[in-house]
Amino acid sequence: MKNESIDNLVDIWIDHALEADVGWPTESMLSKFILYRGTFQDATKPGGLEKYLDKQNKRHEKLGDIQVALSELDNSKALAIIAKRYFRGLNDKNKTFTNKDRASEIGQRLRQFENNVAVAYKKLSKTLEILEKRQNVI
């Protein structure tokens with residue numbers, strides 16, 4: 001499995017971990033629209049909301065896989081790969097996060113952090129491939 005795919009799955013895990021509630025509020029107009037979207041849309045071409053919903057469904061399908069894969073890592077490697085994806089954008093000094101910043105945020109040395117990330121990618125790839133093969137067999 002490619003690092004980009006693993007990054008996407010780790011992002012899904014982070015998004016899920018940061019969400020207070022999973023799913024849609026039951027009383028909102030958006031949730032009613034989503035529930036009855038088939039009656040509101042006549043076009044066969046999927047719209048923006050449908051694409052968003054499909055992405056949400058795929059995200060939740062893969063959440064279990066990345067949860068299992070991350071739990072197979074030791075804490076330092078799991079923390080490193082999560083920090084790599086979580087600490088993006090600008091830091092407190094309005095500079096782009098570097099690996100040194102990420103390592104500092106989680107209390108690791110730079111070389112240790114970079115090694116942990118590399119090992120995490122390899123182990124996650126192996127575990128996710130096994131899970132994918134298992135799903136194809138069932």
Side-chain angles (χ1 to χ4, degrees):
M1 181 169 276
K2 294 182 180 181
N3 288 0
E4 183 179 309
S5 298
I6 292 171
D7 288 345
N8 289 337
L9 291 174
V10 172
D11 289 345
I12 289 168
W13 186 88
I14 291 170
D15 288 346
H16 182 74
L18 293 175
E19 289 177 359
D21 293 323
V22 178
W24 297 98
T26 56
E27 299 298 307
S28 75
M29 183 56 108
L30 182 58
S31 67
K32 291 177 187 175
F33 178 74
I34 291 166
L35 184 61
Y36 299 107
R37 68 186 171 136
T39 60
F40 288 118
Q41 295 178 351
D42 296 331
T44 57
K45 184 178 178 184
L49 182 59
E50 285 179 308
K51 289 178 186 176
Y52 177 78
L53 290 173
D54 289 341
K55 182 180 176 187
Q56 293 294 88
N57 291 337
K58 289 176 186 165
R59 289 175 55 182
H60 290 291
E61 285 175 9
K62 296 295 183 180
L63 180 62
D65 290 353
I66 192 62
Q67 182 72 33
V68 168
L70 284 171
S71 69
E72 295 288 319
L73 297 175
D74 24 334
N75 288 343
S76 61
K77 290 166 185 57
L79 194 57
I81 194 80
I82 291 168
K84 180 182 182 291
R85 299 304 300 164
Y86 182 76
F87 295 109
R88 294 182 289 169
L90 300 177
N91 62 18
D92 295 336
K93 300 172 187 172
N94 285 331
K95 303 265 185 185
T96 304
F97 273 104
T98 63
N99 280 346
K100 185 176 181 181
D101 296 331
R102 294 178 185 107
S104 173
E105 289 285 341
I106 61 171
Q108 295 181 4
R109 294 181 320 277
L110 177 61
R111 284 185 189 235
Q112 178 187 20
F113 173 80
E114 290 174 342
N115 183 54
N116 285 339
V117 168
V119 170
Y121 274 124
K122 288 178 187 174
K123 288 186 176 189
L124 286 173
S125 178
K126 184 177 179 180
T127 303
L128 290 168
E129 285 174 4
I130 290 170
L131 289 171
E132 191 173 312
K133 286 178 184 176
R134 183 176 294 166
Q135 287 174 355
N136 291 336
V137 171
I138 295 176

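The basis for the numbers below is simple: all heavy atoms, side chains too, and nothing from hydrogens, waters or symmetry mates.
Ile6 approaches Tyr121 most closely through the heavy-atom pair CD1-O, 3.6 Å. When all heavy atoms are compared, the tightest approach of Ala80 to Phe113 is O-CE1, 3.4 Å. In terms of heavy-atom proximity, Leu90 sits nearest to Thr96 at CD2-N, 3.8 Å.
For the side chain to side chain donor-acceptor pair (under 3.5 Å) test, residues two or more places apart in sequence or in another chain that qualify with Thr98 are Asp101.
The structure places CZ of Arg102 at 8.5 Å from CZ of Arg85, a figure rounded to the nearest 0.5 Å. Separation of atoms NZ (Lys2) and CD (Glu4) is listed at 7.5 Å; rounding is to 0.5 Å. The distance from the NZ atom of Lys84 to the CG atom of Leu79 is 14.5 Å, given to the nearest 0.5 Å. Gln108 contributes atom CD, which lies 9.5 Å from atom CG of Asn115 (distance to the nearest 0.5 angstrom).
For the ring-ring contact (aromatic ring centres under 6.0 Å, His included) condition, the pairs that include at least one residue of residues 68-96, sequence neighbours left out, are Phe87-Phe97.
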### Message
Applying side-chain contact (heavy atoms from CB on, under 4.5 Å) to Lys100 and Ser104, what does each step give before you reach the verdict?
### Response
CA-CA 6 Å; Lys100 185 176 181 181; Ser104 173; 5.8 Å; no
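The same ILVMFWY cluster, assembled from side-chain heavy atoms under 4.5 Å apart, contains both Leu128 and Ile14.
With respect to Ser76, the side chain to side chain contact (heavy atoms under 4.5 Å, CB included) criterion is satisfied by exactly one of Asn116, Val119, Ile106: Asn116.
A salt bridge is defined here as a Lys NZ or Arg NE, NH1 or NH2 lying under 4.0 Å from an Asp or Glu carboxylate O, and Arg88 with Asp7 fails to meet this definition.
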Please tabulate, for side-chain N and O atoms in residues 63-74, each donor-acceptor pair with protein atoms closer than 3.5 Å (sequence neighbours left out).
unit_1 : atom_1 : unit_2 : atom_2 : d
Asp65  : OD1    : Gln135 : NE2    : 3.2
Asp65  : OD2    : Gln135 : NE2    : 3.2
Gln67  : OE1    : Trp13  : NE1    : 2.6
Ser71  : OG     : Gln67  : O      : 3.4
Ser71  : OG     : Val68  : O      : 2.6
Asp74  : OD2    : Lys77  : NZ     : 3.2

